Amino acid sequence: MSEQGAVIHETAIVHPSAVIGKGVEIGPWTLVGPDVEIGDDCWIGPHVVIKGPTRIGKRNRIFQFASIGEDCQDKKYAGEHTVLEIGDDNVIRESCTFHRGTSQDESLTTVGSRNLFMVNVHVAHDCRIGSDCIFANNATLAGHVHIGDHVIFGGHAAIHQFGRVGSHAFIAGCAALNKDVPPYVMAAGLYAKPFGINSEGLRRRGFSKEAISAIKQAYKEIFRSGKTVEEVLPALQALSDKQPEVAIMVDFLKANERGIIRA
């Protein structure tokens, strides 16, 4: 076990094979298992369980009762070698659960950087989460879900397995997603429907008026023209040639397999 300047409470149990970075603090009654790496300057609160193989980056804060890197809840999982990877500067609040991947996918669950996971958020096996996202209390991600960057998930919102949410989308509290949500789109309801684009979020992130106008035009093509995804792609491609912010909508729709939410 590497403990370079780490502060480990006397009641914590840290496996000898765990790699603990510089300046790490581990609270009382926390358990860190074998094949776990914790990056520099992380703070791990009391009563946290971290199971490997798990790789945690720098400056993450993990609060009490979180379960990080546990075996997944997929009945097909038979103990095979799978991994959880977490980036830097994430805040993981009380009672969150992050599960490792399965061999039915790529044996990997990944979380980016600078995300906030509020109380009791569940990240299931094989999820891919980007960076700069916010997941409010009790948000639930099923297996194989892909989330882009700068996504906001409201409290108690849930997404079906293999679902996708594009970057800069906004998911309202208690929304239930059984289809994909394209980038920039606001979604709400059971089952969720589109409610325009996340204009306020885009303005706060420095998007120009021209870019927001183009994204609004793309939204109208997708959701108000009455056309199929395949039929709107040429118009969106032409729009993205003039305004590159639209390109991620084009790429998202080209990869569409499950269908997107509809009004």
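When a residue number appears, it is its place in the shown sequence, counting from 1. Bear in mind that the values here come from a model prediction, so they are computed numbers and not experimental data.
- Proximity of a side-chain donor or acceptor of R258 to a complementary backbone N or O of N178 within less than 3.5 Å is detected.
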*asked:* Assess the residue pair Y191 and L177 against the criterion (side-chain contact (heavy atoms from CB on, under 4.5 Å)); give the C-alpha distance rounded to whole Å, side-chain angles, the decisive distance to 0.1 Å, and a yes or no.
replied: CA-CA 6 Å; Y191 287 106; L177 306 179; over 6 Å; no
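- When all heavy atoms are compared, the tightest approach of G57 to C42 is O-SG, 3.0 Å.
- Judged purely by distance below 3.5 Å, without hydrogens or angles, the side chains of D126 and T102 pair a donor atom with an acceptor atom.
- Side-chain contact between V14 and I20: present, with at least one pair of heavy atoms (C-beta onward) separated by less than 4.5 Å.
- Side-chain atoms of D35 do not come within 3.5 Å of backbone N or O of A18 as any donor-acceptor pair.
- The CD1 atom of I8 sits 10.5 Å away from atom OG1 of T30, with the distance rounded to the nearest 0.5 Å.
- Looking only at side-chain heavy atoms (C-beta outward), Y219 and R224 come within less than 4.5 Å of each other.
- Within the structure, the salt bridge (charged side-chain N to carboxylate O under 4.0 Å, His left out) test picks out the following pairs touching residues 179-194 (sequence neighbours left out): R164-D180.
- The only option from V36, I86, V123, I44 that meets the side-chain contact (heavy atoms from CB on, under 4.5 Å) definition with I68 turns out to be I86.
- Judged by distance alone, the side chain of Y184 and the main-chain N or O of E245 form a donor-acceptor pair under 3.5 Å.
- A donor-acceptor pair under 3.5 Å is absent between the side-chain atoms of S67 and the main chain of V49, judged by distance alone.
- V165 and I215 fall within the same hydrophobic cluster, where Ile, Leu, Val, Met, Phe, Trp and Tyr residues are linked whenever their side-chain heavy atoms come under 4.5 Å apart, directly or through other members.
- Salt-bridge formation is not detected for the pair E85/R55: no Lys NZ or Arg NE/NH1/NH2 atom is positioned less than 4.0 Å from an Asp or Glu carboxylate oxygen.
- Rounding to the nearest 0.5 Å gives a distance of 8.0 Å between CD of Q243 and OG of S213.
- Hydrophobic cluster membership is shared by V232 and F252, with clusters built from Ile, Leu, Val, Met, Phe, Trp and Tyr side chains linked at under 4.5 angstrom.
- Contact record, I92 with C96: CG2-CB, 3.6 Å, taken as the closest heavy-atom pair.
- Atoms CZ and CZ, from R93 and R61 in turn, are 8.0 Å apart once rounded to the nearest 0.5 Å.
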*Go through the steps to decide whether Y77 and Q104 satisfy the test side-chain contact (heavy atoms from CB on, under 4.5 Å), and finish with yes or no.*
CA-CA 9 Å; Y77 179 73; Q104 284 74 40; 5.8 Å; no
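- Put simply, the side chain of T97 never gets that close to the backbone of N120: no donor and acceptor are under 3.5 Å apart.
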*Steps toward side-chain contact (heavy atoms from CB on, under 4.5 Å) verdict (V24, D41)*: CA-CA 5 Å; V24 171; D41 300 312; over 6 Å; no
*Can you list the steps and then say if V83 with T54 is a side-chain contact (heavy atoms from CB on, under 4.5 Å)?*
CA-CA 6 Å; V83 177; T54 292; over 6 Å; no
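- A 6.0 Å sphere centred on CD of E80 holds more than 12 heavy atoms belonging to other residues, nucleotides or ligands.
- Take T82 and apply the side-chain hydrogen bond (donor to acceptor under 3.5 Å, both in side chains) test, not counting sequence neighbours, and it matches R100.
- Side-chain N or O atoms of N137 include one that pairs as donor or acceptor with a backbone N or O of V119 at under 3.5 Å.
- Taking both residues in full, the closest heavy atoms of A263 and P194 are given as N-CD, 3.5 Å, listed atom of the first, atom of the second, then distance.
- Both I248 and I260 belong to a single network of hydrophobic side chains, linked directly or stepwise wherever heavy atoms of I, L, V, M, F, W or Y lie under 4.5 Å apart.
- Remark: C127 SG to Q161 CD distance equals 10.5 Å, nearest 0.5 Å.
- Between the side chain of N115 and the backbone N or O of C133 there is at least one donor-acceptor pair closer than 3.5 Å.
- By the 4.0 Å N-to-carboxylate-O rule, R59 lies close enough to D89 to be salt-bridged with it.
- Of the possible polar contacts, one joining the T109 side chain to the H99 backbone as a donor-acceptor pair under 3.5 Å is found.
- In this structure, N90 contributes its side chain and G112 its backbone to a donor-acceptor pair below 3.5 Å.
- L233 contributes atom CG, which lies 8.5 Å from atom CD1 of I222 (distance to the nearest 0.5 angstrom).
- Within the model, atoms OG of S107 and CG of L84 stand 13.0 Å from one another, a figure rounded to the nearest 0.5 Å.
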Give the table of side-chain donor-acceptor pairs shorter than 3.5 Å for residues 139-156, with sequence neighbours excluded, one pair per line with atom names and distance.
unit_1, atom_1, unit_2, atom_2, d
T140, OG1, N138, O, 3.2
H144, ND1, D105, OD2, 2.8
D149, OD1, S131, N, 2.8

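- Looking at heavy atoms from C-beta onward, N198 lies in side-chain contact with R205 at the 4.5 angstrom threshold.
- Nearest approach of L239 to A218, heavy atoms of both residues: CD2-N, 3.7 Å.
- Looking at heavy atoms from C-beta onward, I50 lies in side-chain contact with I38 at the 4.5 angstrom threshold.
- Contact of the I26 side chain with the H9 side chain is not registered, since no non-hydrogen atoms from C-beta on lie closer than 4.5 Å.
- Side-chain atoms of W29 and P46, non-hydrogen and from C-beta on, never get closer than 4.5 Å to each other.
- Between the side chains of S240 and Q237, a donor-acceptor pair is found at a separation under 3.5 Å.
- Under the 4.5 Å side-chain heavy-atom criterion for grouping Ile, Leu, Val, Met, Phe, Trp and Tyr, F195 is not connected to L202 through any hydrophobic cluster.
- Annotation: F117 is in aromatic contact with F98 [ring centroid separation under 6.0 Å].
- Contact annotation: the side chain of M118 approaches that of I134 to within less than 4.5 Å [non-hydrogen atoms, C-beta and beyond].
- The shortest heavy-atom contact between A157 and I171 is CB-CG2, 4.0 Å.
- Proximity of a side-chain donor or acceptor of E231 to a complementary backbone N or O of T228 within less than 3.5 Å is detected.
- The two residues A188 and A175 make their nearest non-hydrogen contact at CA-CB, 4.2 Å.
- F223 is connected to L236 through a chain of hydrophobic side-chain contacts under 4.5 Å among Ile, Leu, Val, Met, Phe, Trp and Tyr, so both are in one cluster.
- By the 4.5 Å heavy-atom criterion applied to side chains, F135 and I129 are counted as neighbours.
- Here E221 does not pair with K216 in a salt bridge; the nearest charged N to carboxylate O distance is not below 4.0 Å.
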